[in-house]
Amino acid sequence: MGFSFTKSLRLRKRPEFLRLQQQGGARRAITPHFVLLVAAQVGPEGPARLGVVVTRKLGGAVERNRIKRVCRECFRLSPGAFAHGVDLVVIARPGAHMLGLADVRAEWQRVLSRLRKA
RNA sequence: CGGGAUCGCCGGCCGUGCGGGUGCAGUUAUGUCGGCACGGCGGGAGGAAAGUCCGAGCUCCGUAGAGUGCGAUGCCGGGUAACACCCGGUGGCGGGAACGCCGAGGAAAGUGCAACAGAAAACAAACCGCCUGGCUCAACGUUCAAGGCGUCGCCAGGUAAGGGUGAAACGGUGGGGUAAGAGCCCACCGCGUCGACGGCAACGCCGACGGCAUGGCAAACCCCAUUGGGAGCAAGGUCGAAUAGGCAGGCGUAGCGGUCGAGAGGCCGUCGGAGGGUGACUCGCCCGAGCCUGCGGGUUGGCUGCUAGAGGGGGUCGGUAACGGCUCUCCUAGAGGAAUGAUCCCGACCGCAUAUGCGGCGACGGAUAUGCGGAACAGAACUCGGCUUA
């Protein structure tokens with residue numbers, strides 16, 4: 001497959017987010033601008049899926065949209081980074097809207113190896 | 001911000017391939033040729049999409065009856081689906097003018113407010129004054145002296161012109177009048193009442209009379225007039241799932257008559273009804289056999305509503321205009337943890353610094369090149385008309 005990113009590769013329902021955010025078996029990694037949560041999918045394994053959480057505290061709709069877009073772009077352009085059968089939730093922290101694609105990729109790269117062990 | 005390249009996203013139409021064929025995707029609802037993958041065609045954020053401050057459409061709840069309360073609006077006329085918006089007038093204020101600004105009903109219904117200053121801030125009063133009369137023991141001037149006159153002082157009275165304070169001082173200016181003064185009298189202006197005329201009206205204008213009465217603030221309470229049912233697309237419809245008398249406490253379903261029935265019981269009427277609705281309160285009205293309170297538990301999914309509309313643009317006619325009529329033409333996002341993007345290159349724009357050369361005595365102005373930085377406000381969420389803030 002190429003670098004596509006369709007609806008099936010996103011987390012779209014509230015329970016899917018809550019499963020990773022609550023104290024369950026998700027692995028957690030913290031970078032200066034993000035919190036990354038990774039856990040195995042329930043049911044049949046598919047490609048890795050992404051969900052992004054950006055609260056209102058981080059800015060208006062424009063800033064929050066930009067954070068989501070950059071995160072999705074970063075996820076899309078590195079298909080090998082996350083294993084099959086894994087869900088990823090990214091929680092943005094203050095200042096994230098100032099980052100470009102290269103900054104996000106560099107931050108994620110530093111913690112990837114720890115998350116892979118999950 | 002514009003252009004290009006590459007990689008993507010959302011939904012529409014078309015095609016190819018794969019597997020399937022009473023199946024496929026989805027736990028179900030659902031979709032109907034769909035599902036997955038790839039390709040093609042054409043579409044995809046704003047002037048404010050924002051704040052959610054007004055006004056509507058649409059939807060449901062409801063029946064709105066009366067009184068009280070609460071909110072909104074507040075010169076007049078018009079536009080509009082409607083408005084607190086828009087247009088045109090009137091009046092006021094500012095300005096030399098062009099023009100600009102204006103929450104612009106009522107202060108003789110009542111309550112209240114006015115710092116500082118000032119004598120006094122509202123049934124007027126009298127600080128410095130002005131004037132009249134009286135007193136003369138004493139003081140001064142005039143005089144040879146007394147008296148008289150004047151100054152000063154004290155007492156009684158008349159005044160509100162002048163001074164001074166203030167945002168504002170009980171009509172203004174000028175003249176007459178007077179001891180001094182005062183609408184005391186007169187002219188003009190203002191104000192009030194009445195009448196005529198013009199205007200749909202706000203109002204204007206003219207005349208007569210009154211002799212000043214009614215100081216200001218209503219974005220202080222208030223009064224008056226007009227007006228307002230509530231909630232909002234998580235509205236609502238539909239399908240599905242789950243909970244469905246799990247526990248504890250409290251209140252009630254009384255009765256009577258008729259009728260059907262073998263009975264249990266059902267239906268109708270009357271009375272009684274815990275509680276609920278009428279989202280402010282009271283009355284009234286309506287529902288009513290189960291309801292209320294606390295604890296605990298579960299679902300918050302699919303389709304629809306969902307985008308062609310008080311729609312945009314052109315022409316023409318009516319109107320001072322807002323706008324309206326007729327006609328032609330265009331189709332322009334529909335997401336749902338939420339699409340409309342990311343990266344790179346090039347080019348414009350702005351700011352700063354440096355360099356070069358130009359104009360000018362100079363402060364400086366503007367030009368080119370290079371480097372660095374910036375590039376706003378902000379993201380549709382049912383749809384429109386406004387306002388406001390960026």
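Reminder, nothing fancy here: chain letters follow the sequence lines and each chain counts from 1.
Counting to the nearest Å, the C1' atom of B:rG341 and the NZ atom of A:Lys68 are 14 Å from each other. If you take CZ of A:Arg105 and C1' of B:rU343, they are 9 Å apart, rounded to a whole angstrom. B:rA342 atom P lies 13 Å from atom CD1 of A:Ile67, rounded to whole Å. If you take CZ of A:Phe75 and C1' of B:rA342, they are 16 Å apart, rounded to a whole angstrom. Regarding A:Leu50, its CG atom lies at a distance of 17 Å from the P atom of B:rA342, rounded to whole Å.
Between the P atoms of B:rG166 and B:rA115, the separation comes to 14 Å (whole Å). For the C1' atom pair drawn from B:rC303 and B:rU388, the interatomic distance equals 40 Å after rounding to whole Å. Taking the P atom of each, B:rC384 and B:rC38 are spaced 36 Å apart, rounded to whole Å. Across B:rA219 and B:rA84, the matching C1' atoms stand 15 Å from one another, rounded to whole Å. Comparing B:rG19 with B:rA25, their C1' atoms sit 13 Å apart, to the nearest whole Å. Comparing B:rG347 with B:rA369, their P atoms sit 11 Å apart, to the nearest whole Å. Rounded to the nearest Å, the gap between the P atom of B:rG324 and that of B:rA308 is 22 Å. Separating the C1' atom of B:rG337 from that of B:rA381 is a span of 14 Å, rounded to the nearest Å.
Under 3.5 Å, the side chain of A:Glu73 and the base of B:rG341 form at least one donor-acceptor pair of N or O atoms. Contact of A:Arg76 with B:rC7 (side chain to base): a donor-acceptor pair of N or O atoms is detected under 3.5 Å.
With a glycosidic angle no further than 90° from 0, B:rG47 counts as syn. Taking the O4'-C1'-N9-C4 or O4'-C1'-N1-C2 dihedral as appropriate, B:rA355 has a value more than 90° from 0 and is therefore anti. B:rG96 has its base anti relative to the sugar, with a glycosidic angle deviating from 0 by more than 90°. B:rU332 takes the syn form, because its glycosidic angle lies no more than 90° either side of 0. In B:rU307 the base sits syn relative to the sugar, since the glycosidic angle is no further than 90° from 0.
In this structure, A:Arg72 does not reach the B:rC7 phosphate: none of its side-chain N or O atoms is under 4.0 Å from OP1 or OP2. Residue A:Arg66 has a polar side-chain atom (N or O) positioned under 4.0 Å from OP1 or OP2 of B:rA342.
If you check B:rG26 for Watson-Crick or wobble pairing at under 3.5 angstrom, you find it has no partner at all. Base pairing annotation: B:rG359 forms a Watson-Crick or G-U wobble pair with B:rC364, both donor-acceptor distances under 3.5 Å. In a base pair of the Watson-Crick type (N1 to N3 plus N6-O4 or O6-N4) or a G-U wobble (N1-O2 and O6-N3), with each distance short of 3.5 Å, B:rG67 is matched with B:rC281. Using Watson-Crick or G-U wobble geometry with both donor-acceptor distances under 3.5 Å, B:rA169 finds no partner in any strand shown. Pairing partner, B:rC85: B:rG79, with both Watson-Crick or wobble hydrogen-bond distances short of 3.5 Å. Across all strands shown, B:rC36 forms a Watson-Crick or G-U wobble pair, both distances under 3.5 Å, with B:rG17. Across all strands shown, B:rG74 is found opposite B:rC224 as a Watson-Crick or G-U wobble partner, with both distances under 3.5 Å. Across all strands shown, B:rU293 forms a Watson-Crick or G-U wobble pair, both distances under 3.5 Å, with B:rA248.
Across all strands, A:Val70 comes closer than 4.0 Å to no nucleic acid atom at all (heavy-atom distances).
At a non-hydrogen distance threshold of 4.0 Å, A:Leu101 from residues 94-103 of chain A come into contact with RNA chain B.
A:Val35 pairs by the side chain to side chain contact (heavy atoms under 4.5 Å, CB included) definition with A:Arg28, A:Ile30, A:Leu37, A:Ile91, A:Arg93, not counting sequence neighbours. Partners of A:Glu73 according to the salt bridge (Lys or Arg N to Asp or Glu O under 4.0 Å) rule, which considers only residues two or more places apart in sequence or in another chain, are A:Arg76. With sequence neighbours excluded, the residues that form a side chain to side chain contact (heavy atoms under 4.5 Å, CB included) with A:Arg49 are A:Leu11, A:Glu16, A:Gln41, A:Asp87. With sequence neighbours left out, the side-chain hydrogen bond (donor to acceptor under 3.5 Å, both in side chains) criterion links A:His33 to A:Glu107. Take A:Arg105 and apply the salt bridge (Lys or Arg N to Asp or Glu O under 4.0 Å) test, not counting sequence neighbours, and it matches no residue.
Atom CE of A:Met98 is separated from atom CG of A:Asp103 by 10.0 Å, given to the nearest 0.5 angstrom.
The salt bridge (Lys or Arg N to Asp or Glu O under 4.0 Å) contacts involving residues 56-71 of chain A comprise nothing, where partners must be two or more places apart or lie in separate chains.
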Residues A:Val90, A:Val53; criterion side-chain contact (heavy atoms from CB on, under 4.5 Å); working and verdict: CA-CA 6 Å; A:Val90 175; A:Val53 176; over 6 Å; no
Evaluation steps, side-chain contact (heavy atoms from CB on, under 4.5 Å), between A:Val104 and A:Phe34: CA-CA 9 Å; A:Val104 175; A:Phe34 299 99; 4.1 Å; yes
Check against side-chain contact (heavy atoms from CB on, under 4.5 Å), A:Val62 and A:Asn65: CA-CA 5 Å; A:Val62 173; A:Asn65 274 345; 5.9 Å; no
Got a list of protein N/O to nucleotides 373-383 of chain B N/O distances below 3.5 Å?
residue	atom	partner	partner atom	Å
B:rG379	OP2	A:Ala61	N	3.4

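Nearest approach of A:Val111 to A:Ala29, heavy atoms of both residues: CB-CB, 3.9 Å. Considering all non-hydrogen atoms of both residues, A:Cys71 and A:Val52 come closest at CB-CG2, 4.0 Å.
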